[in-house]
Amino acid sequence: MYAVNVRDHFMIAHSFQGAVFGPAQRMHGATYVVDLELRRDSLDADGVVVDIGLATQVLRQTLAAFNFQNLDEMPEFKGHNTTTEFMARAIFDRVAACIATGELGANASGLRQMRVTLHESHVAWASYEGDLPA
């Protein structure tokens, strides 16, 4: 399987509900470094997995919706703890929707899998990965 990875970052504020989160129950900030990995079985006619420029653009646009936001105030996240794991899935779903609507170009239809990894720090990160619709 071939893979291409692009990277960006975003900054948010949020808080968590539940004693398991200790002091993170209070409002705090996070800066995430995000890796988007796109995979396919064979290269496209141009010899690439996907247009890296378009992948970078789609990731940047996706993260812009969260950048400098208080996630606690975003209606779509009401009632959810916006953990690193949760946000990896939220970003995965939004990028998958962009792929489905052709924002990564016509050849992106050959993509089979994707992984989104959010790095909280140099020692901790979380990912969500899955298959993409054929």
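In this text, all values refer to a predicted model and were calculated from it rather than measured experimentally.
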If you take all heavy atoms of [X] and [Y], which pair is closest and at what distance?
X: Thr82; Y: Met87; answer: O-CG, 3.8 Å
X: Glu85; Y: Ala126; answer: CG-CB, 3.8 Å
X: Val50; Y: Ala55; answer: CG1-CB, 4.3 Å
X: Gly53; Y: Asp51; answer: N-OD1, 2.8 Å
X: Leu54; Y: Gly105; answer: CD1-N, 4.0 Å
X: Arg39; Y: Ala3; answer: CG-CB, 3.9 Å

Is there side-chain contact between [X] and [Y], with at least one heavy-atom pair below 4.5 Å?
X: Asp41; Y: Met1; value: yes
X: Thr117; Y: Asn5; value: no
X: Asp72; Y: Met27; value: yes
X: Val49; Y: Leu111; value: yes

With respect to Ser127, which candidate in Arg89, Arg115, His119 satisfies the side-chain contact (heavy atoms from CB on, under 4.5 Å) definition? Arg115
Inter-residue atom distance Ser15.OG - Gln25.CD, 0.5 Å rounding: 9.0 Å
Rounded at 0.5 Å granularity, tell me how far NE2 in His9 sits from CZ in Arg60. 9.0 Å
Cluster question for you: counting only ILVMFWY and a side-chain heavy-atom cut-off of under 4.5 Å, with indirect links fine, are [X] and [Y] together?
X: Leu118; Y: Phe21; value: no
X: Trp125; Y: Leu63; value: no
X: Phe16; Y: Phe86; value: no
X: Tyr2; Y: Val4; value: yes
X: Phe92; Y: Val33; value: no

Fit a plane to each ring of His14 and Tyr32, take the angle between them on a 0 to 90° scale, and name the class: parallel (under 30°), tilted (30 to 60°) or perpendicular (over 60°). perpendicular
When you measure from the side chain of Asn81 to the backbone N and O of Thr83, does any donor-acceptor pair fall under 3.5 Å? no
Side chain of Asp131, backbone of Gln113: donor and acceptor closer than 3.5 Å? no
As a quick check of understanding, evaluate side chain to side chain contact (heavy atoms under 4.5 Å, CB included) for Phe66 and Met74, giving each step before the final call. CA-CA 9 Å; Phe66 309 127; Met74 296 183 75; 4.0 Å; yes
Answer yes or no: does atom CD of Gln17 have more than 12 heavy-atom neighbours from other residues, nucleotides or ligands under 6.0 Å? no
Within 6.0 angstrom of Ile52 CD1, more than 12 heavy atoms from elsewhere: no
Evaluate the side chain to side chain contact (heavy atoms under 4.5 Å, CB included) criterion for residues Met114 and Leu36: first the C-alpha distance (whole Å), next the side-chain angles of each, then the deciding distance (0.1 Å), finally the verdict. CA-CA 7 Å; Met114 180 169 62; Leu36 171 65; 3.4 Å; yes
